Amino acid sequence: MRWLAWAGGLALGIGIGIACGEEPSGNCAIGGNGCPCTAGGSCDPGLTCIAGTCTLENCPVGAEGCLCTGGGSCDPGLSCVEGLCSSGDATGPGNGSSNPGSGDETSDTKLDVNSDDIPGGSCKTGCSQIDMLFAIDSSLSMTEEIQALSASQAFSAIVEDLEGLNCGEIEYRIGLTNDNDGGFIGFGANGNPWFDSNEMSPEEIAAGFTAAAATVLGNGGTAIGCEHVLSSSLSALGLDTTGFLRPDALLVLVLITDVDDYGYYDQAGSGFCEGLPVNLCATMPQPVDALYDQLVTLKGGDAEALAAIVVAGDPGVTEGMNLCGQPASCCGNGLECGQAHHAPRLWDFAQMQVNTNGFTGHICDGAAQVPLLIQDALSNNIDLACQAYEPAG
């Protein structure tokens, strides 16, 4: 966190796969019928999350193929098998349970992730292209997080998960920008400042991203309190002349920072740091909903074409206060509490996304968790968002 830098000066002179929770037993896929909901409480299209388990929408508790009651009971003639009511010949959720709501209690139709029986869940539908933009806070306090994210093995795993979305064969582009309207950072194929799966191998993309990420640290030039990964993302995309955005691609923003986007507590006139030799940010940020609307406009007005992965300080967690009395999500081991500050604007942005398109991860979980949080988001929220998104035409 940047406050650590000037606090130190004052002292001297003054996220696979499945990253969260336990992996379900057997072949029960996260988000599938009768399986655990995602970390964000989402399920595959056509399913709803009830008491942590995905089931068909409007599926009455206790009915054939639906959730058992809290006491493990079902309608007469049915038994509770691993949380779902069955006629007795089912093998458990996701493994041949009957089709609830079909009207045919003898049906053995399997309702798994990507089944044609679940609206929007077929591998034949949904997105086949993804444009993924990483926006990373360039302050030196982000050193460990950037190193963890861009490590060859970690980023290769992210690329592998990206390629496997919506049953695979995804064409993808990966771009990188900083928190200070720096535009695209990096060198891809054919002179493009981003990395394209149609022009580069996964190994080349991982290597290119690692090299580009190494140039982000300390080069943002952002004034303390003026870091703005969300606003910088809009700037990079809105001013782009290289053709990064494709009309039929799902746009996924990955926002990684230990502060907010032009955080309230860092604004001049906020009432914090009165009388201290600290220059707070004098830039008045745009409202978050205005930023969201502009990004949706860049995607042709289709809100389902936009998704967000936010890794920042959870505004619902306060570990302490820094020198200015600003709340911190975690303190760290520095001279002043402020390893990561609250990020309510970024949290709001993630929650504005439609359906399952928004994901939030707590950066205070540790640098090593950053790539895992992103993998979690890809394997759950973004996979479902890709399945549900139908490009025009």
Side-chain angles (χ1 to χ4, degrees), residues 1-2 15-16 19 131-151 154-155 157-159 161-162 174-186 194-195 206 209-210 212-220 222 226-237 251-263 288 291 295 307-315 317 328-330 332 338-350 353 358-378 381-382:
M1 170 58 207
R2 297 232 174 152
I16 319 187
D131 298 333
M132 193 171 187
L133 177 64
F134 287 78
I136 303 178
D137 183 344
S138 59
S139 55
L140 291 175
S141 59
M142 292 290 295
T143 299
E144 293 182 357
E145 287 79 6
I146 294 178
Q147 290 176 344
L149 171 66
S150 59
F155 199 79
I158 289 174
V159 168
D161 284 349
L162 184 58
I174 296 178
L176 174 65
T177 190
N178 62 13
D179 63 328
N180 194 35
D181 307 312
F184 287 106
I185 299 171
W194 31 265
F195 316 108
F209 184 90
T210 297
T215 69
V216 171
L217 284 170
N219 292 327
T222 313
C226 289
E227 296 93 333
H228 51 281
V229 288
L230 173 57
S231 299
S232 189
S233 296
L234 176 59
S235 175
L237 296 172
L251 171 61
V252 180
L253 299 183
V254 185
L255 310 174
I256 307 173
T257 180
D258 54 15
V259 292
D260 202 6
D261 183 80
Y262 289 118
V288 178
L291 297 171
L295 287 163
I309 301 172
V310 169
V311 181
D314 187 340
V317 176
S329 296
C330 50
Q339 179 180 346
H341 282 180
H342 287 179
R345 281 168 54 86
L346 295 179
W347 237 252
D348 287 347
F349 177 73
Q353 309 303 312
F359 176 94
T360 53
H362 193 24
I363 198 168
C364 293
D365 288 344
Q369 291 299 311
V370 171
L372 298 180
L373 287 169
I374 294 171
Q375 286 187 263
D376 182 17
L378 286 172
N381 295 63
I382 305 305

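The model shown is predicted, which means the values in this text are computed figures rather than measured ones.
Between the side chains of S329 and D314, not a single donor N or O lies within less than 3.5 Å of an accepting N or O. Residues D261 and S231 bring a donor and an acceptor atom of their side chains to less than 3.5 Å of each other. A donor atom on one side chain and an acceptor atom on the other are found under 3.5 Å apart for T257 and D137.
Nearest heavy atoms, V310 versus L346: CG2-O, 3.7 Å. M132 and V254 get closest at one heavy-atom pair: CE-CG2, 3.5 Å. T360 and A350 make their closest contact through CG2-CB, 3.5 Å (heavy atoms, listed as atom of the first residue, atom of the second, distance). Of all heavy-atom pairs spanning W347 and G313, the tightest one is CZ3-O, 3.6 Å. Among all heavy-atom pairs drawn from A154 and A148, the shortest one is CB-O, 3.4 Å. Between A343 and A312 the shortest heavy-atom distance is CB-CB, 3.7 Å.
The CD1 atom of I363 sits 12.5 Å away from atom NE2 of H341, with the distance rounded to the nearest 0.5 Å. Atom CG in D260 sits 6.5 Å away from atom CZ in R345 (nearest 0.5 Å). Here the CG-OG distance, from D258 to S141, works out to 3.5 Å after rounding to the nearest 0.5 Å. Once rounded to the nearest 0.5 Å, the distance linking CD1 of I158 with CG of L378 reads 7.0 Å. For the atom pair L251 CG and D131 CG, the distance stands at 6.5 Å (nearest 0.5 Å). Here CD of Q353 is found 13.5 Å from CZ of F359. Values are rounded to the nearest 0.5 Å.
At least one donor-acceptor pair under 3.5 Å links the side chain of T210 to the backbone N or O of S150. In this structure, the side chain of N178 engages the main chain of G182 through a donor-acceptor pair within 3.5 Å. H362 places no side-chain N or O within 3.5 Å of a backbone atom of V317 that could act as its donor or acceptor partner. At least one donor-acceptor pair closer than 3.5 Å links the side chain of S232 to the backbone N or O of D181.
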Test log, rule side chain to side chain contact (heavy atoms under 4.5 Å, CB included), inputs V370 and I256: CA-CA 9 Å; V370 171; I256 307 173; 4.2 Å; yes
Derivation and outcome, side chain to side chain contact (heavy atoms under 4.5 Å, CB included), residues V159 and I174: CA-CA 9 Å; V159 168; I174 296 178; 4.3 Å; yes
Check against side chain to side chain contact (heavy atoms under 4.5 Å, CB included), L295 and L230: CA-CA 10 Å; L295 287 163; L230 173 57; 4.1 Å; yes
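No side-chain heavy atom of I309 sits under 4.5 Å from any side-chain heavy atom of L255. Contact check for W194 versus L176: no side-chain heavy atoms found under the 4.5 Å cut-off.
F134 has its ring centre less than 6.0 Å from the ring centre of F155.
Among the candidates D179, N180, T177, the single residue satisfying the side chain to side chain contact (heavy atoms under 4.5 Å, CB included) test with V229 is D179.
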